[in-house]
Protein chains: 2
Amino acid sequence: MTETRVTVVDIARAVGVSKSTVSLVLQGSPLVSEATRAKVTSVMRDLGYVYNRGAANLRQSGSKSGIIGVVVNDLTNSFFAELAVGVDVIVQSAGFVQFLANTSESIDRQREVIATMREHGISGLIISPARGTEPSDFRPLVAAGLPVVVAVRNSPGAKVSSVISDNEGGIFAGVAHLASLGHRRIAFLGGFPDTAVFQERTAGYRKAMQANGLDCDDGLIIASAPSRLGGVEAISQALKLGDRPTGAVCFNDAVAFGVCDGLRAQHLEPGVGFAVIGFDDVIEARTAVPALTTISVDPQGIGRRAAQLLLKQINAGKAEAETLISSVRLVVRDTCGATRAAAEMDNVNRRQTGS
Amino acid sequence: MTETRVTVVDIARAVGVSKSTVSLVLQGSPLVSEATRAKVTSVMRDLGYVYNRGAANLRQSGSKSGIIGVVVNDLTNSFFAELAVGVDVIVQSAGFVQFLANTSESIDRQREVIATMREHGISGLIISPARGTEPSDFRPLVAAGLPVVVAVRNSPGAKVSSVISDNEGGIFAGVAHLASLGHRRIAFLGGFPDTAVFQERTAGYRKAMQANGLDCDDGLIIASAPSRLGGVEAISQALKLGDRPTGAVCFNDAVAFGVCDGLRAQHLEPGVGFAVIGFDDVIEARTAVPALTTISVDPQGIGRRAAQLLLKQINAGKAEAETLISSVRLVVRDTCGATRAAAEMDNVNRRQTGS
DNA sequence: GACCATAATTGGAACGATCCAAAAATGTCA
DNA sequence: TGACATTTTTGGATCGTTCCAATTATGGTC
């Protein structure tokens, strides 16, 4: 029920020094004698003093508030939750705090959230932009000299740093794997074509098809919502093609799961009649049946690297826009047919019943 | 590259009014004329003005900073990620922002994080305390008049509000379900006994055993780490008992998955030779094979209610400590044997091969 | 046009810290 | 002891906003 909060002046009065001295203690200045420092800190503890950072960075020029804004588009997606944790690890150990907000893919909410963060004087921003974010949306931020790092979703054209995963390389590896298993007609399923991630992944697809001497028919690229439902739609469309594909790399794991659902509806078993590869390696990929072959990315690592990059820029005052590409790796499980082929070799009689 | 930030005085000068008038516009005061309001807002936009909230709540007595601190013990656990999202939904729609931090179950980190949040003048705190948090840890917070809501993990003895799930009722329902399937020896597996959650869940277990006329032998309660590994250990211990249990309710889903692993190691199939019920209903519970029967809680709902409770307290100035209990429900899937019993009835020949 | 009520505007003093130049205390040495 | 260097300490002034009392503009009425 202490109505009045304790300030430096209260401390100063109690100790018998000036507020300037207390301030110096607060900043750990070497100018203050050991004796007074001890007295001051002791009294601070006794009176239950809490530092008022708002008042502090009012005086301190610029915004060294020590707050890092983190904006993600979907925190319920464990991919982004991991990302946020990665950021937090670095940010906390650097003595900063994290301001986390969720946009739920809403541009409006994203705008509001960024505005509020700026009002609170964030020292930097890490953002996984909502779909439809324009490069120009970052303009006022960089103009104000605010360090910004874009994570996961690239924003070409915006003059900001970014940390993304190796979308092209990942899909390339997936396609190459299917080709090595003997597939000739390989589809790319899912994703919105108006996103940078889609562009990068289909680029990897095209390169891999060519590199493996396969026919790169654009009809084999079927866009859809990047969701389970989108996957169902994409595969049903793919199976209607004249020269049916025998396998597919998918935009992400959600699409891949949808593709598996769609295959079963057509009495095809993923990994037997049709090979499926996802992207992300979400938790369920491991535990699903059949387990999903997928491209594994390290969201926490991306978060950590984004945070490091941002801190570097904050300390450097103003650095060049820089792009980091986080490597990915193919995790072979059951839906691509590779393990199954080996198992069948082993015992022909297993698992006769479908459903 | 605009070195000097734009302030109300700049706006005032540009428009030709006093800073006080600009301030009134900022607060949406009805005292200012429509004409000037329009001019001011327009100039604010032109000059790219950003409101300095720090300076504002320096003047505004007390801390109506508009920041809600949220502390969770493990954000990588989707349960807590969902909780944070639930909080965010309410908090954002009320015009507040969320300050999210992760403690990774570290008391030290929790202390640091709370201290930093206070320095930034949070208006309230929602916390899922790290293991080992003492009720006395909340003392200075409530003493300072800071509204606090404890979520998920109760902290009996601390004079703070809390939102928890119906641990007792959930376990009661699980035990009752197993009893209705004919089980007589039912174990409770996993969890640290020194936590409030454990106490509540075992209380539900004991009540249900008695209510169903079953022998409530304390030897059937086997504690362990609340993890997959802990589950493996707990079940191996349970199977060594003289009068072996035929089913178990587990502390949480992670333990339940571990129990399934342990059963298979003993050539028992979950849901056939032994019934298993989890708690939480994490995402993997649905997709695992066999799918986990579990007590479903609604973490996002808990988050929302915690946020609502906190906002109520913030607005009310100072309210009584209040406890909300979020209801749970039993989700019957495969590991309890109920669906299997039905399926066997249907077709005796299905699924002969294990593993 | 004088009067009044109401509407709109305005300086200056806060808020709680930091910063700076300058003062006071302390130590050193001839 | 005095002169000087060095270590500690200290009053304002300041950051960008809100608050308050006081001032000025506006409109209506007789």
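Values below: every heavy atom of this structure, side chains too, minus hydrogens, waters and symmetry copies. Residue numbering restarts at 1 for every chain, and letters A, B, ... go by the order of the sequence lines.
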**Prompt:** Does a nitrogen or oxygen in the side chain of A:Ser23 sit under 4.0 Å from OP1 or OP2 of C:dT18?
**Reply:** yes
**Asked** Any chance CD of A:Glu320 has more than 12 other-residue heavy atoms, nucleotides or ligands included, within less than 6.0 Å?
**Response** no
**Item:** Side-chain donor or acceptor of B:Arg153 paired with backbone N/O of B:Pro129 under 3.5 Å
**Value:** yes
**Request:** With DNA chain D as reference, determine whether B:Gln27 or B:Ala55 sits nearer its 5' end, using the nearest nucleotide of each.
**Result:** B:Ala55
**Message:** From CZ of A:Arg5 over to C1' of C:dA17, roughly how many Å is that when rounded to an integer?
**Reply:** 11 Å
**Item:** Rounded interatomic separation in angstrom, taking CG from A:Asn57 and P from D:dT14
**Value:** 20 Å
**Prompt:** Is A:Thr36 near enough to D:dT9 that one of its side-chain N or O atoms lies under 4.0 angstrom from OP1 or OP2?
**Reply:** yes
**Of B:Gly16 and A:Val22, the one whose closest DNA chain C nucleotide lies more 5'** = B:Gly16
**Message:** Base, sugar-phosphate or nothing for A:Thr7? Non-hydrogen atoms, less than 4.0 Å.
**Reply:** sugar-phosphate
**Item:** Separation of D:dG16 P from B:Arg53 CZ (nearest whole Å)
**Value:** 17 Å
**Request:** Looking at every strand, decide which applies to A:Ser33 at a 4.0 Å heavy-atom threshold: base, sugar-phosphate, or nothing.
**Result:** sugar-phosphate
**Request:** In whole angstrom, give the distance that lies between atom NZ of A:Lys19 and atom C1' of D:dG11.
**Result:** 6 Å
**Prompt:** A:Arg37 has an atom CZ; how far is it from atom C1' of D:dT9, in whole Å?
**Reply:** 13 Å
**Prompt:** Is a side-chain donor or acceptor of B:Gln110 paired with a backbone partner of B:Val71 at a separation under 3.5 angstrom?
**Reply:** no
**Asked** OP1, OP2 of D:dT10 versus side-chain N and O of A:Thr21: anything below 4.0 Å?
**Response** yes
**Message:** Does A:Val17 reach a base, just sugar-phosphate, or nothing at all? Heavy atoms under 4.0 Å.
**Reply:** sugar-phosphate
**Prompt:** Hey, is the main chain of B:Ala84 close enough, under 3.5 Å, to the side chain of B:Gln98 for a donor-acceptor pair?
**Reply:** yes
**Asked** Is there a donor N/O on one and an acceptor N/O on the other, under 3.5 Å, for the side chain of A:Ser18 and the base of D:dG11?
**Response** no
**Asked** Is there a donor N/O on one and an acceptor N/O on the other, under 3.5 Å, for the side chain of B:Arg59 and the base of D:dT17?
**Response** no
**Prompt:** Please give, in whole Å, the distance from C:dT9 C1' to B:Lys39 NZ?
**Reply:** 12 Å
**Prompt:** Do A:Asp10 and A:Arg5 sit within salt-bridge range, that is, some charged N less than 4.0 Å from a carboxylate O?
**Reply:** no
**Request:** Send over the distance from A:Leu58 CG to C:dA14 C1', rounded to a whole Å.
**Result:** 13 Å
**Request:** Side chain of B:Leu31 only, please: which of D:dT18, C:dT18, C:dT9 is the nearest?
**Result:** C:dT9
**Between D:dC20 (C1') and B:Leu24 (CG): distance, integer Å** = 11 Å
